[in-house]
Chemist: 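Would you mind keeping the following structure in view while I ask a few things?
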Amino acid sequence: HSPPSPQSQDDQRRIATTVGTTTGHVDNNNNNNDSGDGGGNDEDRRFLDDVLMIYHKNPTFLKLAFQLLTPHHMHLLTHTLPMITPSSPSPSPSPSSFNWNSIKYLDLTGNLIKSEGCQIIAHLLAHNTSIEVLNLSMNDISASGALCLCQVLTNDLHNQAQLQQQQQEEEEEAQLQQEEQQRQIVTIPKNFTLKHLDLSMNRLGNDGMQHLSHMLRHNHTLVTLSVRSNKVKSQEGVSHIMEMLAIAHYSETLQEVFV
């Protein structure tokens with residue numbers, strides 16, 4: 001269901017080469033190489049310039065698949081990139097700077113984003129009004145990363161309030177914990193744009209399936225969700241998957257869950 005990439009293999013190889021030279025540097029320095037001038041070192045700046053070059057070719061489609069991108073690179077993309085301009089002028093009429101709200105398709109397949117990077121992406125989604133397709137397959141994401149995404153995709157606040165009222169009938173200690181969790185979820189900005197989410201071939205496990213199942217009951221925008229190959233090893237996890245399939249069957253918006 002993914003549209004073909006308009007970006008050349010040369011573009012992808014250029015970023016892979018740049019990131020390959022920075023990954024070890026980033027890890028050895030505890031990811032604290034950022035500065036306010038558009039990148040903490042020359043490698044970071046070259047990486048951002050390469051992304052800008054790809055962006056200017058098609059500002060609606062950003063494919064950064066299999067580039068060894070880490071949470072550090074996610075931080076550069078979401079926090080630093082929108083504030084810089086390219087080292088060389090872009091061809092008219094392309095924009096001179098990066099704007100996340102022009103991108104409709106974001107492909108981050110096969111990187112090293114993990115749950116820490118998912119937290120950064122969730123913050124991006126909470127303030128984004130354009131991304132409709134997000135591919136996060138093969139990124140070693142755990143249940144905690146899925147929870148970050150689910151918090152911004154739980155966008156049916158009316159039904160969520162009803163759920164919170166039902167929870168008041170539960171045991172007092174559990175009730176207090178759940179109410180606090182619901183209050184935290186309600187206060188997080190929501191995404192109302194994303195339609196297609198691919199989380200296949202990660203390690204979400206049983207807990208990740210539970211988070212996603214709960215989110216789907218309170219989401220009115222997703223059309224497809226892929227959760228294939230996510231290390232679900234118990235009947236509990238299978239039950240959550242079955243719940244998601246049932247939600248897709250009766251939902252007015254969700255059309256298919258790929259398992």
Chemist: Working to the nearest 0.5 angstrom, can you tell me the gap between L62 CG and L77 CG?
Modeler: 7.5 Å

Chemist: Does CD belonging to Q119 count more than 12 external heavy atoms closer than 6.0 Å?
Modeler: no

Chemist: Give me the atom names and distance for the closest heavy-atom approach of H79 to M83.
Modeler: O-CE, 2.9 Å

Chemist: Using a 3.5 Å distance criterion without hydrogens, assess whether the side chain of S213 forms a donor-acceptor pair with backbone atoms of M209.
Modeler: no

Chemist: With rounding to the nearest 0.5 Å, note down the distance linking CZ in F258 to CE in M244.
Modeler: 13.0 Å

Chemist: Describe, in one word, how the ring planes of H123 and H127 are oriented to each other, choosing from parallel (under 30°), tilted (30 to 60°) and perpendicular (over 60°).
Modeler: tilted

Chemist: I'd like to know if the side chain of D44 reaches the main chain of D42, judged simply by a donor and an acceptor atom lying under 3.5 Å from each other, with no hydrogens or angles considered.
Modeler: no

Chemist: Could you go through E243 and L216, starting from their C-alpha distance and side-chain angles, then the distance that decides it, and tell me whether this counts as side chain to side chain contact (heavy atoms under 4.5 Å, CB included)?
Modeler: CA-CA 9 Å; E243 289 173 5; L216 288 180; over 6 Å; no

Chemist: Measure the acute angle between the ring planes of F47 and H73, then classify it against the limits of 30° and 60° as parallel, tilted or perpendicular.
Modeler: perpendicular

Chemist: At their closest point, which heavy atom of I120 faces which heavy atom of H75, and how far apart are they?
Modeler: CD1-N, 4.0 Å

Chemist: Rounded to the nearest 0.5 Å, how far apart are CG of L212 and CG of D207?
Modeler: 11.0 Å

Chemist: Under 4.5 Å between side-chain heavy atoms, counting indirect links through other Ile/Leu/Val/Met/Phe/Trp/Tyr residues: same cluster for L153 and I241 or not?
Modeler: yes

Chemist: Tell me if a side-chain donor or acceptor on W100 pairs with a main-chain N or O of I131 at a distance below 3.5 Å.
Modeler: no

Chemist: Do you know which two heavy atoms are closest between T109 and S137, and how far apart they sit?
Modeler: CG2-OG, 3.3 Å

Chemist: Less than 4.5 Å apart, side chain to side chain, heavy atoms only: is that true for T221 and K195?
Modeler: no

Chemist: Any heavy-atom pair between the side chains of L149 and C118 that's under 4.5 Å?
Modeler: yes

Chemist: I want to check something: taking the side chain as every heavy atom from C-beta on, are L106 and L136 in contact at a cut-off of under 4.5 Å?
Modeler: no

Chemist: Donor-acceptor check, side chain of K190 to backbone of Q151, threshold 3.5 angstrom: yes or no?
Modeler: yes

Chemist: Does a side-chain heavy-atom distance below 4.5 Å link I247 with L245?
Modeler: no

Chemist: Just jot down the side-chain hydrogen bond (donor to acceptor under 3.5 Å, both in side chains) partners of S142, sequence neighbours excluded, or say none.
Modeler: S115, S144

Chemist: Are any of the side-chain heavy atoms of P59 and N99 separated by less than 4.5 Å?
Modeler: no

Chemist: Between N139 and I113 (side chain of the first, backbone of the second, donor and acceptor by atom type, cut-off under 3.5 Å), is there such a pair?
Modeler: yes

Chemist: Taking side chain as C-beta onward, heavy atoms only, is L108 less than 4.5 Å from I121?
Modeler: yes

Chemist: How long is the gap from CD on E132 to OG1 on T60, to the nearest 0.5 Å?
Modeler: 10.0 Å

Chemist: N202 side chain to L204 main-chain N or O, any donor-acceptor pair under 3.5 Å?
Modeler: no

Chemist: Enumerate the residue pairs fulfilling salt bridge (charged side-chain N to carboxylate O under 4.0 Å, His left out) with a member in residues 74-83, sequence neighbours excluded, ordered by first and then second residue.
Modeler: none

Chemist: Just by distance, do the side chain of N111 and the backbone of L68 share a donor-acceptor pair under 3.5 Å?
Modeler: yes

Chemist: Does L134 reach the side chain of L125, with side-chain heavy atoms less than 4.5 Å apart?
Modeler: yes

Chemist: Could you go step by step and tell me if R45 and D49 meet the salt bridge (charged side-chain N to carboxylate O under 4.0 Å, His left out) rule?
Modeler: CA-CA 6 Å; R45 182 58 199 241; D49 280 343; 3.1 Å; yes

Chemist: We want to know whether N191 and N155 form a side-chain donor-acceptor pair, criterion being a heavy-atom distance below 3.5 angstrom.
Modeler: no

Chemist: Distance from K63 atom NZ to N135 atom CG, nearest 0.5 Å?
Modeler: 7.5 Å

Chemist: Any donor-acceptor pair under 3.5 Å linking the side chain of H56 with the backbone of L52?
Modeler: yes

Chemist: Mind checking whether T154 and N219 have side chains closer than 4.5 Å, heavy atoms only?
Modeler: no

Chemist: Give me the atom names and distance for the closest heavy-atom approach of H211 to A143.
Modeler: CD2-O, 3.5 Å

Chemist: Please report the C-alpha distance between K104 and V133 in whole Å, then the side-chain angles of each, then the deciding distance to 0.1 Å, and finally whether the side chain to side chain contact (heavy atoms under 4.5 Å, CB included) criterion is met.
Modeler: CA-CA 6 Å; K104 295 183 178 296; V133 181; over 6 Å; no

Chemist: What's the shortest heavy-atom distance between S200 and D198, and which atoms?
Modeler: OG-OD1, 2.6 Å

Chemist: Between the main-chain N or O of L112 and the side-chain N or O of T70, is there a donor-acceptor pair closer than 3.5 Å?
Modeler: no

Chemist: For L199, is there any backbone N or O sitting under 3.5 Å from a side-chain donor or acceptor partner on N230?
Modeler: yes

Chemist: Taking V227 as the starting point, is it possible to reach V223 by hopping between hydrophobic residues whose side chains are less than 4.5 Å apart?
Modeler: no

Chemist: In terms of side-chain heavy atoms, does E256 have a donor or acceptor partner in T224 at a distance below 3.5 Å?
Modeler: no

Chemist: Give the intermediate values and the outcome of side chain to side chain contact (heavy atoms under 4.5 Å, CB included) for residues F66 and D107.
Modeler: CA-CA 10 Å; F66 301 103; D107 186 357; over 6 Å; no

Chemist: Can you tell me how far the CD atom of Q255 sits from the NE2 atom of H249, to the nearest 0.5 Å?
Modeler: 13.5 Å

